[in-house]
Amino acid sequence: MPELPEVETIARGLRPLLEGNRVERADVWRANVVVGPVHVFTRALEGRTIERVGRRAKLLRFDLEGGGVWWTSLRMTGQYLVESGEAGPLPPFARGRFDLESGERLYYVDIRTLGKMGVIGSDAWRARSAELGPEPLERSFTARDLGRRLKATRRRIKEVLLDQRVIAGIGNIYASEALFRAGIDPRTRAHRLTRPAIERLHAAIRAVLKEAIASSGTTFLSYADATGESGSFQRRLRVYDRAEEACRRCGGPVRRIVQGQRSTYFCPRCQRRR
DNA sequence: AACGCGCCCTGTCCGC
DNA sequence: TGCGGACAGGGCGCGT
C-alpha cells in the first residue's frame with residue numbers, strides 16, 4: 001500500500017477515530033513489528049491519549065498527549081484496521097490490537113511483517129524527521145530546492161527519488177509515474193538533469209502525488225482490504241505495472257527494467273535523457 | 001561520504 | 001497437481 005498518498009489517505013481516515021481517543025490496552029504478538037522490546041512499547045502506550053494524527057514521509061505519526069510519538073512504518077503490507085461494536089474473529093494476519101477508550105479496536109495487520117512501529121520522545125522524533133528530505137507537497141519545496149539536491153549526486157534519478165533523505169514520501173509507483181510525466185529517462189544521472197527537466201520533474205512529482213491523494217491512493221493486491229480505503233489511482237497509472245502494454249501517450253510498448261533490485265517502468269520513446 | 005547490494009517475511013503467480 | 005523461482009507499493013545495515 002503505502003507511499004505518500006496512501007499514508008496520507010490512511011492518516012485522514014484514522015484521524016476522526018483516534019484523535020482524543022485513549023489506548024486502554026495494547027497487545028502485539030509479533031515482536032519483529034516493534035522496535036525494541038514489545039512490553040516496553042505496549043507499556044509506553046497504555047493509558048495514553050492520542051492527541052493528533054499525522055504523516056511525515058511514509059510514516060504515520062500519532063502524537064501522544066503529554067509528549068511522545070507513536071510512529072508506524074507500514075512498509076509493504078502493513079495496514080491499520082478499525083473494528084467497532086462486538087469483537088469479531090481476529091482479522092487474518094493481525095499482528096497487534098489496540099483497545100480504545102471509545103470501545104473500538106484498532107488492529108495492526110501485516111502479512112509480511114516488514115512494518116515497524118515504536119514510541120519515541122518528541123525530541124527523538126524531531127531528530128528522525130530532520131534526517132528526511134523535504135515534503136514534496138509543502139509550499140517551501142521548490143524546483144530550485146530539488147535541483148540543488150539532485151546536483152549533489154551522480155546516482156540515477158529513479159533511485160534518487162526513492163531515497164527518503166533526498167525527498168520524502170516517494171516510492172516505487174510514484175517515482176516511475178513522475179518521471180513519465182516529466183519525460184525523463186529513469187536511468188539519467190541526477191546531476192546531469194537540465195534546468196527545464198528539473199522544473200518538469202518538480203511539477204510532475206507534485207501533480208501526481210496530489211492527484212493520487214484525490215483518488216485516495218493506489219490499491220493493488222487481491223488479499224486484504226483496509227479501513228475501507230481502497231483507492232482508485234491504479235486506474236490512472238500511466239506506466240507502473242504496464243510492461244509491454246501500449247504507452248498512453250505514444251502507443252509504443254512500456255518497458256520494465258530493474259534498478260537497485262526494484263522494477264522501473266518507463267516509455268523509451270517519451271522519456272529521454274534530457 | 002556516497003553508493004550498491006543483501007536481507008527481513010509471506011504470499012501469489014508463472015513456467016515447467 | 002506440484003514445485004521452484006521471481007516478484008511484490010520499503011528501508012536498514014553492511015561492505016567497498
Side-chain angles (χ1 to χ4, degrees), chain A residues 1-11 28-36 55-60 71-80 91-96 108-118 120 128-129 131-133 149-180 186-187 189-191 205 208-209 211-213 215-226 229-244 256-265:
Chain A
M1 284 202 67
E3 298 184 37
L4 186 155
E6 292 74 34
V7 179
E8 181 63 31
T9 300
I10 291 163
V28 173
W29 46 88
R30 201 48 119 83
N32 60 342
V33 302
V34 168
V35 173
R55 175 193 62 76
R56 169 76 170 112
K58 302 172 199 172
L59 299 174
L60 275 174
W71 62 270
T72 309
S73 172
L74 300 167
R75 300 278 181 96
M76 303 289 264
T77 51
Q79 299 179 281
Y80 276 112
F93 310 107
R95 314 301 190 190
Y108 179 66
V109 172
D110 193 341
I111 295 176
R112 292 170 69 182
T113 65
L114 295 175
K116 296 276 180 231
M117 65 179 71
I120 55 178
R128 180 168 184 189
S129 181
E131 287 169 10
L132 297 168
R149 289 164 173 274
L150 297 185
K151 287 293 173 225
T153 177
R154 305 172 62 83
R155 297 154 71 200
R156 300 177 193 277
I157 184 61
K158 155 65 166 21
E159 299 184 50
V160 175
L161 290 179
L162 295 183
D163 187 337
Q164 302 298 296
R165 296 167 303 185
V166 176
I167 176 171
I170 298 175
N172 212 33
I173 295 180
Y174 299 108
S176 281
E177 293 296 311
L179 288 168
F180 173 79
R187 298 164 295 189
R189 302 276 174 182
H191 70 112
I205 288 168
V208 72
L209 294 177
E211 287 173 35
I213 290 173
S215 299
S216 300
T218 301
T219 306
F220 281 144
L221 304 193
S222 38
Y223 49 81
D225 194 49
E229 5 248 356
S230 32
S232 63
F233 198 72
Q234 60 275 17
R235 292 200 289 271
R236 290 204 165 72
L237 297 176
R238 301 190 189 168
V239 286
Y240 185 82
D241 204 26
R242 299 192 63 243
E244 305 311 320
R256 172 186 177 273
I257 59 174
V258 174
Q259 296 182 288
Q261 303 119 267
R262 324 254 343 242
S263 293
T264 299
Y265 299 88

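Model, not experiment: these values are computed from the prediction. In the text below, chain A, chain B and the rest are named by the order of the sequence lines, each starting its count at 1.
- Between L74(A) atom CG and dG10(C) atom P there is a gap of 11 Å when expressed in whole angstrom units.
- Nucleotides dG6(B) and dA6(C) have their P atoms positioned 13 Å apart, rounded to a whole Å.
- The closest donor-acceptor contact from the side chain of R56(A) to the backbone of S129(A) lies under 3.5 Å.
- Annotation: side chain of D163(A) is not in contact with side chain of T153(A) (no heavy-atom distance under 4.5 Å).
- Residue contacts for K58(A): at a heavy-atom cut-off of 4.0 Å it reaches the sugar-phosphate backbone alone, with no base atom in range.
- In this structure, Y240(A) atom OH and dG10(C) atom C1' are separated by 12 Å, rounded to whole Å.
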Expected rows: protein N/O vs nucleotides 12-16 of chain C N/O, under 3.5 Å:
none

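- In this structure, L209(A) atom CG and dG9(C) atom P are separated by 16 Å, rounded to whole Å.
- In terms of modelled atom types and a separation under 3.5 Å, the side chain of R55(A) and the main chain of A57(A) share a donor-acceptor contact.
- Side-chain N or O atoms of S176(A) include one that pairs as donor or acceptor with a backbone N or O of Y265(A) at under 3.5 Å.
- Within the 4.5 Å cutoff, the side chain of T72(A) has heavy atoms near those of the Y108(A) side chain.
- Checking side-chain atoms of R30(A) against main-chain N and O of D110(A) turns up no donor-acceptor pair under 3.5 Å.
- Candidate nucleotides dG9(C), dG11(B), dC9(B) were compared by shortest atom distance to the side chain of R262(A), and dG9(C) ranks first.
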Every protein N/O lying under 3.5 Å from an N/O of nucleotides 1-4 of chain B:
residue, atom, partner, partner atom, Å
dC3(B), OP1, T153(A), OG1, 2.8
dC3(B), OP1, R154(A), N, 3.1
dC3(B), OP2, T153(A), OG1, 3.0

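- Without hydrogens or angle criteria, E177(A) side chain to L237(A) main chain gives no donor-acceptor distance under 3.5 Å.
- Nucleotides dC3(B) and dG9(C), compared at atom P, are 23 Å apart to the nearest Å.
- For DNA chain C, the stems formed by at least three consecutive Watson-Crick or G-U pairs, with both atom-pair distances below 3.5 Å, span B:2-8 with C:10-16, B:10-16 with C:2-8.
- Among the heavy atoms of the strands, none lies under 4.0 Å from D110(A).
- A donor-acceptor distance shorter than 3.5 angstrom exists from the side chain of Q164(A) to the backbone of G169(A), with no hydrogens or angles considered.
- Residues K116(A) and W71(A) meet the side-chain proximity criterion, which asks for heavy atoms closer than 4.5 Å.
- Residues L60(A) and V7(A) form a side-chain contact, since some pair of their non-hydrogen atoms from C-beta on lies under 4.5 Å apart.
- Remark: the backbone N or O of S232(A) is not paired with any side-chain donor or acceptor of R236(A) at under 3.5 angstrom.
- Look at the P atom in both dG11(C) and dA1(B): the space between them is 23 Å, to the nearest Å.
- If you run side chain to side chain donor-acceptor pair (under 3.5 Å) between T264(A) and each of R187(A), E159(A), R256(A), K158(A), only K158(A) comes through.
- Atom name P, nucleotides dC14(C) and dC9(B): the rounded distance is 16 Å, in whole Å.
- Taking atom CG on D241(A) and atom P on dT12(B), their separation rounds to 17 Å, with Å as the unit.
- Computed from coordinates, the Q259(A) CD to dA8(C) P distance equals 13 Å when rounded to whole Å.
- Counting to the nearest Å, the C1' atom of dG10(C) and the CG atom of L162(A) are 9 Å from each other.
- When distances run from any side-chain atom of I173(A) to the nucleotides dG9(C), dG11(C), dC8(B), the shortest one goes to dG9(C).
- Counting to the nearest Å, the P atom of dG9(C) and the CD atom of Q79(A) are 16 Å from each other.
- Put simply, CE on M76(A) is 13 Å from C1' on dT12(B), counting in whole angstrom units.
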